[in-house]
Amino acid sequence: MSSTKELVIEMLNTLGVSVERLLSEDVARIQVHKNKIVGLHLVKGLRVEAEEIENGIEANVEVEENIKIEKPIHLCFGVMPEEGIQKVKLNLRAKEGSKSMILAHCTFPNAKNVKHLMEANIVIEANAQYAYFERHVHSPFGGVEVIPYASIYVGENAEFSTEFELINGSAGKIDFNYEVKADDKSKIEMVARISGVGKDIINLNEQIELRGRESAGVIATHIAVRDYSSANVKNVLTAIGPNAKGHVDCKEIVVGNAKATAVPVVSVLNPTAHVTHEAAIGSVDAKQLITLMTRGLTEEEATEVIIQGMLSKKHKWGEIIEKFLLPD
Amino acid sequence: MDEEKTILNVLDVHYLTQENLILKGISIDIWSGYIHAIVGPNGAGKSTLVSCIMGLPGYEIQKGKIIFDGEDITDLPVYDRARRGLTLAWQEPARFEGLKIKDFVLIGAKNKCHRKAEEVLDLVGLDPKKYLNRAVDKTLSGGERKRIELASIIAMEPKLILLDEPDSGIDIEALQKIFDLLELIKKQGITIVLITHSPVVLERADHAFLMCCGRILDKGSIERISNYFRSKCIPCDHNIPG
Ligand SMILES: Nc1ncnc2c1ncn2[C@@H]1O[C@H](COP(=O)(O)OP(=O)(O)OP(=O)(O)O)[C@@H](O)[C@H]1O
Ligand SMILES: [Mg+2]
């Protein structure tokens, strides 16, 4: 048993956050190392059934009706050795009127050949609020392959926000697919912030279908690619419902021999719906760069400050989670 | 005034673009510890001159020399000039998405502690509690952005600041605050060179240069330059460099 606990501590120690906080009594948590559930602690109104499958786990998670879980629920998925496969099948249901936040850490700090596959089916029922923040901690070697797939349904008047952050270590190879279907008056926010170095390959495919009346959705993608890395971003936002509103924001900073493409597909299938779109792809802004150089930074240092600024921008729930992570 | 110390020496500086000679042999001496103004009509070459002094990319001079604090900096890149205590603030400061004010103001600071960030924000009249964690982005007003720029410059503890039109885009009240701030900066022993074509701004300086068509026409007391500027330059439309 003690070795399991040590493994938990070892994983949590790679996250650069207060381990004590993450292990406190009032914080629900599920910790998974490779295909073993190494830690599980629940709070009132949160139901989890999990089982180990070949190379991973399958979990059914439910937040009960009208339950409000104040502290973020902490998920930690890790592979500590240099090699390994981890598959996560997650079925999550946030029931009517519930409110919950998940903070997920995926840590592969020593990876040379690690594959992390996630398949999530998420249902946010009417009037529920659900936020999911996923932070990756990767080795600097580029030996990680991350393949998340999520299909999300957001019910009437419900709120869903998700943020994917990969700015520590080498991204490796990412193949990211998220699809959201939004019902009447629902609100969706989807943010990805990713940093590519070396030969990283980043593929993102994010889709929101605003089916419901007065539904609203935002897709924000901020990526920096350096060295020989590349990023391909496809943002698809379709407004179908009356008075649906959408916005796509894609920023990619390209440095060195890196490459980036962005394909925004915005469609409006109802005359009362409205979708806007902004994209900026290229090197860092010259005025920003020179400003920092007049403060004594070299061009390389200034570029890094600008990139870190762009990558650090978070959505509103991300700030709450961030505060939770800070030491007292 | 013989015992005055010269902090910046611009010697016969020529700057030309593909088509035009913009600076036609500029020579100025900047004494340490004062507020100096460079006035002149639109297109006189004022912004070009400070860009050359700062050594911004694309503003490499073809002839002349720039001596700063006794050292020839003509061939130094921007950041090396900055590290020696020379810096510049623009008319319209850049905005940085996601970069926190507390981090921005300390970018060039010698002392990078949290206290310093609070101190310089206080100094420019912005409540640190309200501003430290905001970003240097579009949500700031023009006046706030300018003050944050000055805060970041004060934190650097430079020897000389080049200010391009500190009065542009702000109302009279905000301008008053900026000037109080400039007095404060001066009290810390920092020399200021400000560019303007406003007689009101000019009056707040200790000494002035008059620039027209890429040349320095005159220099001296504020009264003298101001009179000349009001009576001759403002009515004159001789503002295209020939
Ligand atoms: N890179 C450039 N290429 C071509 N012409 C330039 C360049 N930079 C400046 N100029 C020209 O040089 C002249 C001086 O410009 P500058 O911006 O220095 O004037 P200024 O005195 O600062 O004017 P203002 O008061 O309007 O700010 C102008 O005629 C301008 O068009
Ligand atoms: Mg100018």
Side-chain angles (χ1 to χ4, degrees), chain A residues 163 165-167 191-195 218 220-224 247 249-253 276 278-316 318-323 325-327, chain B residues 50-51 53-59 76-110 112 133-139 145 148-164:
Chain A
E163 178 160 352
E165 179 195 270
L166 204 171
I167 57 180
V191 179
R193 298 181 289 112
I194 302 173
S195 153
V218 176
T221 314
H222 290 189
I223 295 181
H247 180 66
D249 160 29
C250 179
K251 293 203 175 62
E252 296 181 71
I253 293 182
T276 50
E278 60 175 304
I281 304 177
S283 60
V284 295
D285 178 77
K287 191 165 178 177
Q288 294 179 345
L289 194 69
I290 293 170
T291 299
L292 298 177
M293 288 165 73
T294 64
R295 302 294 185 275
L297 270 56
T298 62
E299 188 170 337
E300 292 70 33
E301 290 165 344
T303 302
E304 207 44 44
V305 167
I306 296 165
I307 287 177
Q308 291 309 326
M310 180 206 54
L311 289 177
S312 76
K313 208 170 180 251
K314 293 170 193 75
H315 68 84
K316 59 176 195 221
E319 293 280 358
I320 297 170
I321 286 169
E322 203 65 2
K323 275 204 190 98
L325 288 173
L326 287 175
Chain B
V50 291
S51 303
I53 294 172
M54 192 69 228
L56 300 186
Y59 288 92
L76 291 185
V78 187
Y79 58 87
D80 271 336
R81 297 183 197 209
R83 287 171 188 182
R84 282 164 170 75
L86 179 64
T87 192
L88 174 148
W90 266 303
Q91 235 168 17
E92 275 282 332
R95 285 161 196 273
F96 297 83
E97 192 182 5
L99 184 58
K100 294 259 171 76
I101 291 176
K102 63 178 177 194
D103 296 323
F104 177 73
V105 295
L106 296 180
I107 287 274
K110 292 192 179 83
K112 288 196 197 293
N133 283 310
R134 280 181 67 177
V136 192
D137 61 12
K138 332 184 243 261
T139 64
R145 181 64 193 90
I148 286 160
E149 197 67 6
L150 288 175
S152 83
I153 281 177
I154 295 169
M156 272 179 88
E157 303 171 38
K159 292 177 186 147
L160 189 148
I161 307 177
L162 303 163
L163 290 177
D164 197 350

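Just so it is clear: chains get the letters A, B, ... in the order the sequence lines come, proteins before strands, and each one is counted from 1.
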Practice problem: Scan residues 281-298 of chain A for pairs that pass salt bridge (Lys or Arg N to Asp or Glu O under 4.0 Å), counting only residues two or more places apart or in two chains. | Solution: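 The answer is Arg295(A)-Glu149(B).
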Quiz prompt | Between Gly55(B), Pro158(B), Ser152(B), Pro77(B), the one whose heavy-atom pairs under 4.5 Å with chain A are most numerous | solution =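 Greatest number of close heavy-atom pairs with chain A: Ser152(B).
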Quiz item: Any idea which of Leu99(B), Leu56(B), Leu86(B), Val78(B) has the most non-hydrogen atom pairs under 4.5 angstrom with chain A?
Solution: Val78(B)
Practice problem: Under the side-chain contact (heavy atoms from CB on, under 4.5 Å) rule, what do Met293(A) and Leu88(B) come out as? Steps first, then yes or no, please. | Solution: CA-CA 10 Å; Met293(A) 288 165 73; Leu88(B) 174 148; over 6 Å; no
Quiz item: Does the side chain of Phe96(B) come within less than 4.5 Å of Val305(A)'s, by heavy atoms?
Solution: no
Quiz item: Should Thr291(A) and Arg95(B) count as side-chain neighbours, where that means a heavy-atom distance under 4.5 Å?
Solution: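 No; the side chains remain at least 4.5 Å from each other.
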Exercise. Please check if atom CD in Glu92(B) has more than 12 non-hydrogen atoms from other residues, nucleotides or ligands closer than 6.0 Å.
Key: no
If I compare all heavy atoms of [X] with all of [Y], which pair ends up nearest, and what's the gap?
X	Y	result
Ala82(B)	Gly296(A)	CB-N, 3.4 Å
Tyr79(B)	Leu297(A)	CB-O, 3.2 Å
Ser312(A)	Gly98(B)	OG-O, 3.1 Å

Quiz item: Is a side-chain donor or acceptor of Thr87(B) paired with a backbone partner of Thr294(A) at a separation under 3.5 angstrom?
Solution: yes
